[in-house]
Amino acid sequence: MSYVIIAYSILYLLPAIIVDILQIRHIQLYAKKEPVILNTDDYLIAANYALTQRKISFFSHIYDFIIMVFWLQYGILYLTQLYSQHFTNTFGVDWCVLMSFLGINFVIGLPFSIVQKRIDAIYGFNKQNFTSLLSDFLKGIIIGIIIAAVIFASLLFVMESISLWWLVGFILIFCFIILIQLIYPTIIAPMFNKFTPLQDEKLKNRIQDLMEKVGFKSNGIFIMDASKRDGRLNAYFGGLGNSKRVVLFDTLLEKISEDGLIAILGHELGHFKHKDILCNIVIAGSIMFIVFAIMGLFFESLCEYLGLYESHGTILILAMLFLPALTFIIKPIQNYFSRKAEYKADAFGASCVSKKALSQALIRLVNENKAFPHSHPAFIFFYYSHPPLLERLKALENLND
């Protein structure tokens, strides 16, 4: 077991901590320099917020590592022995072990969630009162339990019934994720936020003209009451197929000009025009395929090496424990292609109005979202799915009018 823990530390824990330290020092260095994009006060606020986030990340990496070691040494064995006393079939044992594992991990992670909510409130992002927080919390738990119960029951059935379970399991989960994308905008999202059709006819016509330009069909343009929960600005195109819809945060409408809004939506439609959404689905599916292949080919032997019960439930728990490390290693590849796609989407967004309109809108987003404009190259490499704003602005400036 010690070799697995050492490998985990070398491949994930230490690099992740080092990247956080590099980012912290980088922010501290640039916080003392002349502000860019933001005014002096907002620049320092953004720096402090970014530093706080990275310090939380630093401690959470260590905390999660300790929890992982606990599960490998004691937790998995204890749960398996506990439920083996009450169930005669392996399916029941595995399902209860998995659900208990998720529940315990959820409780263990609550302190970091509470701290994050508190920090967001201090910096003016979290706008929720206690009643709203509690309501979202309970609804999230209920939805999470239902989804987890269905997923794990389906996976365990496949693992017990089919020899090439990892391939069928991959197809099953991939299809389930597509299903979630289909129902999220119309069923899940309205459980948490109110969506009302856009009433501004002029803006609505401009957005519709923009969508027709690229052949994007949606079932409506909606305003989301984001300001009741968060002060940040955003807009997105949600769903797949007939469930696709345009969603604008009410905070965005209050802070961004009409031309800026059209430029931002043009950027998002640029992803649709360039088939970036399809590309992301293929890349995400490929990563998921790799994860399931590793599970199927190596994790039974890993169970034996770690001295754990060679059960399907244990295999799935090990996959969840090691997924952050695998994601940390593979994600930069996806991020590289994502950053390249963002430049092309920016170019299209600028062509819908002007590069000045998009630049001003992006700057406004950074100001309102208190995003610090400087990051260490290593942090960008591992975590940035979008290029740094300064680089995006420079690329926009170099576009031909």
Side-chain donor-acceptor contact under 3.5 Å, S311 with T314
yes
Sorted by chain and residue number, the side chain to side chain contact (heavy atoms under 4.5 Å, CB included) partners of A371 (sequence neighbours excluded) come out as V366
Looking at N398 and K394, would you say the former's side chain and the latter's main chain have a donor-acceptor pair under 3.5 Å?
yes
Is the charged tip of K33 near the ring of Y30: under 6.0 Å from the six-membered ring centre and within 45° of its axis?
yes
Is S359 reaching over with its side chain to a backbone N or O of K356, donor-acceptor style, under 3.5 angstrom?
no
For A226 versus F249, what's the shortest heavy-atom pair and its separation?
CB-CD2, 3.4 Å
Would you say that more than 12 heavy atoms from the other residues, nucleotides or ligands in this model lie under 6.0 Å from the NZ of K340, or not?
no
Less than 4.5 Å apart, side chain to side chain, heavy atoms only: is that true for V247 and I221?
no
Pair K194 + D225: basic N to acidic O under 4.0 Å:
no
Please test W71 against Y78 for ring pair (Phe, Tyr, Trp, His ring centres under 6.0 Å), starting from the C-alpha separation and ending with a verdict.
CA-CA 9 Å; W71 280 115; Y78 175 79; 9.5 Å; no
With distance as the sole criterion, is a donor-acceptor pair present between the side chains of N335 and S385 under 3.5 Å?
no
For a ring-ring contact (aromatic ring centres under 6.0 Å, His included) with F328, tell me which candidate from Y8, F381, Y12, F322 qualifies.
Y12
For V214, does its backbone N or O pair with a side-chain atom of K273 as donor and acceptor, under 3.5 Å?
no
Would you say K344 has more than 12 foreign heavy atoms packed within less than 6.0 Å of its NZ?
yes
Cationic tip of K370 within the cone over Y123's six-membered ring, i.e. under 6.0 Å and within 45° of the normal?
no
For Y343 and P387, the nearest pair of non-hydrogen atoms, with its separation, is OH-CB, 3.3 Å
When the ring centroid of Y383 is compared with that of F379, is the distance short of 6.0 Å?
yes
If you look at every heavy atom in P373 and L38, which pair is closest and at what distance?
CD-CD1, 4.1 Å
Indicate whether any N or O donor in one side chain lies under 3.5 Å from an N or O acceptor in the other, for N48 and Y43.
no
Working note: L13 + D64, criterion side-chain contact (heavy atoms from CB on, under 4.5 Å); need CA distance, chi angles, decisive distance, verdict.
CA-CA 9 Å; L13 178 63; D64 290 343; over 6 Å; no
Passes side-chain contact (heavy atoms from CB on, under 4.5 Å), I76 versus L306? Steps please.
CA-CA 11 Å; I76 299 174; L306 293 172; over 6 Å; no
Spell out, as yes or no, whether a donor-acceptor pair under 3.5 Å connects the side chain of S100 to the backbone of C96.
yes
Are W165 and F292 near enough that their ring centres are under 6.0 Å apart?
no
Within a radius of less than 6.0 Å around CZ of F70, do more than 12 heavy atoms belonging to other residues, nucleotides or ligands occur?
yes
Correct closest heavy-atom pair for A350 and L399 would be CB-CD1, 4.2 Å
Answer yes or no for K331 and F382: cation-pi contact, defined as NZ/CZ to six-membered ring centre under 6.0 Å and angle to ring axis within 45°.
no
With no hydrogens and no angle check, is any side-chain donor or acceptor of H376 less than 3.5 Å from a backbone partner on A378?
yes
Tell me, with the steps shown, if D250 and M224 meet side-chain contact (heavy atoms from CB on, under 4.5 Å).
CA-CA 6 Å; D250 56 358; M224 188 178 89; over 6 Å; no
Given F59 and F112, is the ring pair (Phe, Tyr, Trp, His ring centres under 6.0 Å) satisfied, shown in steps?
CA-CA 10 Å; F59 288 109; F112 282 95; 8.4 Å; no
Below 30° counts as parallel, above 60° as perpendicular, anything between as tilted: where do the rings of H267 and H271 land?
perpendicular
Just checking, any donor-acceptor pair under 3.5 angstrom between side chains of E368 and T251?
no
Checking the side chain of S351 only, and the main-chain atoms of F348 only, is there a donor and an acceptor separated by less than 3.5 Å?
yes
Kindly compute the distance separating OG (S257) from CZ (R364), expressed to the nearest 0.5 Å.
9.5 Å
In a check of ring-ring contact (aromatic ring centres under 6.0 Å, His included) between W166 and each of F299, F298, F289, which one passes?
F289
Rounded to the nearest 0.5 Å, what's the gap from CZ on F216 to CG on L269? Could you check?
6.5 Å
I'd like to know if the side chain of R245 and the backbone of T186 have a donor-acceptor N/O pair within less than 3.5 Å.
no
Please report whether the ring centroid of F65 lies less than 6.0 Å from that of H61.
no
Q23 and S375: side-chain donor and acceptor closer than 3.5 Å?
yes
Please give me the minimum heavy-atom distance between G169 and V158, naming the atom from each residue.
N-CG1, 4.0 Å
A31 and L44: which non-hydrogen atoms are nearest, and at how many Å?
O-CD2, 3.7 Å
Tell me whether the NZ or CZ atom of R54 lies within the 45° cone about the ring axis of Y49 and under 6.0 Å from its centre.
no
Once rounded to the nearest 0.5 Å, what's the spacing between atom CD1 of I287 and atom CD1 of I330?
5.5 Å
E397 CD: over 12 foreign heavy atoms closer than 6.0 Å:
no
Tell me whether the count of non-hydrogen atoms from other residues, nucleotides or ligands lying under 6.0 Å of CZ in F106 goes above 12.
yes
State whether the side chain of H26 and the backbone N or O of L22 hold a donor-acceptor pair below 3.5 Å, judged by distance alone.
no
Which class fits the ring pair Y83 and F87: parallel under 30°, tilted 30 to 60°, perpendicular over 60°?
tilted
Does Q208 have more than 12 heavy atoms from other residues, nucleotides or ligands lying within 6.0 Å of its CD?
yes
Would you sort out whether K355 and D346 count as a side-chain contact (heavy atoms from CB on, under 4.5 Å), showing the intermediate values?
CA-CA 8 Å; K355 61 185 183 182; D346 276 349; over 6 Å; no
Between R206 and D259 (salt bridge meaning N to carboxylate O under 4.0 Å), is one present in this structure?
yes
